Amino acid sequence: MTDLGTDNTLDEVKKRCFNCKKCRLSETRHNVVFDDGIPNSKLMLIGEAPGYYEDMQGKPFVGKAGQLLDRIFASVGLSREKDVYICNTVKCRPPENRNPLPDEKEACLEYLQAQIDIIKPKIILLCGNVAVQSILGNAGGITKIRGKWFDGGEMVHGAKLMPIFHPSYLLRNDTREKGGPKWLMWQDIQEIRKKYDSL
Ligand code: URA
Ligand code: SF4
């Protein structure tokens, strides 16, 4: 991995990322989607990759899944305006919203790592399998490991990590049944709020 040193500010990293052509996704993107929310947050959420609306607006989680994510945070009094820093594993939209390829994730990791190094959040939410794999490797599928706390070690400066369902998965599994994906997400966000208050 590229050593970016310690004197990079978030603005410097962002500027470099905006001009990035390290992988093929630069050829089809309309905008680089770097981040949203507040940079001195103790809570960071890492999603997968920009979709159509994110690519058009240059902002993460603004489409349907993003609106659901905002409601999930709001249910425990959290918001990206006040409390959360939001970014993605990969900063440019993959065509047709396909999963980012391994070489694209690897090329983009330097920006995610720089974001983690600069923000140094105490809690990192890994939203969906793509984010889980990038930070935890093969820890298991999301349905098995969601809602559990993991110690991330050096790469995340000792932050507590929790894998959570991706909101687009919840949109596809829209039952509120006890034990279903939405119900589980509401358990997880309450646990996250508790940890947030204790750190
Ligand atoms: N899904 C993601 O993972 N990230 C976004 O920014 C939007 C949808
Ligand atoms: Fe660069 Fe990441 Fe965009 Fe690829 S996805 S061009 S590595 S910013």
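Quick caveat, the model's predicted, so the values are computed rather than measured. Ligands are counted one by one from 1 in listed order, and the atoms in each one are counted from 1 as well.
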So is there a nitrogen or oxygen of A49 less than 3.5 Å from a nitrogen or oxygen in ligand 1?
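By distance alone, the answer is yes.
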Can you find an N/O atom of E54 closer than 3.5 Å to an N/O atom of ligand 1?
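By distance alone, the answer is no.
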Using a cut-off of 2.8 Å, how many protein N, O or S atoms sit around atom 2 (Fe) of ligand 2?
1
By number and element, which atoms of ligand 1 are closer than 4.0 Å to a non-hydrogen atom of [X]?
X: E48; value: 2 (C), 3 (O)
X: P60; value: 6 (O)
X: H166; value: 1 (N), 2 (C), 3 (O)
X: G47; value: 3 (O)

Check whether [X] reaches the backbone of [Y] with its side chain - one donor and one acceptor, N or O, closer than 3.5 Å.
X: Q190; Y: Q187; value: no
X: E104; Y: L101; value: yes
X: K91; Y: C87; value: no

Pair F61 and H166, ring centroids less than 6.0 Å apart:
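Yes, the ring centres sit under 6.0 Å apart.
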Is the shortest heavy-atom distance from the side chain of K160 to the side chain of I124 under 4.5 Å?
no
For atom 4 (N) of ligand 1, grab the closest protein heavy atom and report residue, atom and distance to one decimal in Å.
N88 OD1, 2.8 Å
Pairing of [X] and [Y] as salt bridge, 4.0 angstrom limit:
X: R24; Y: D103; result: yes
X: K182; Y: E177; result: no
X: K15; Y: D11; result: no
X: D36; Y: R80; result: yes

Ligand 2 versus R24: contacting region, heavy-atom distance under 4.0 Å
neither
Atom indices of ligand 2, in the order listed, that fall short of 4.0 Å to a heavy atom of R29:
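Here the atoms of ligand 2 in question are 3 (Fe), 6 (S).
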Is there any ring-ring contact (aromatic ring centres under 6.0 Å, His included) pair reaching into residues 169-199, and which pairs are they, with sequence neighbours excluded?
F165-Y169
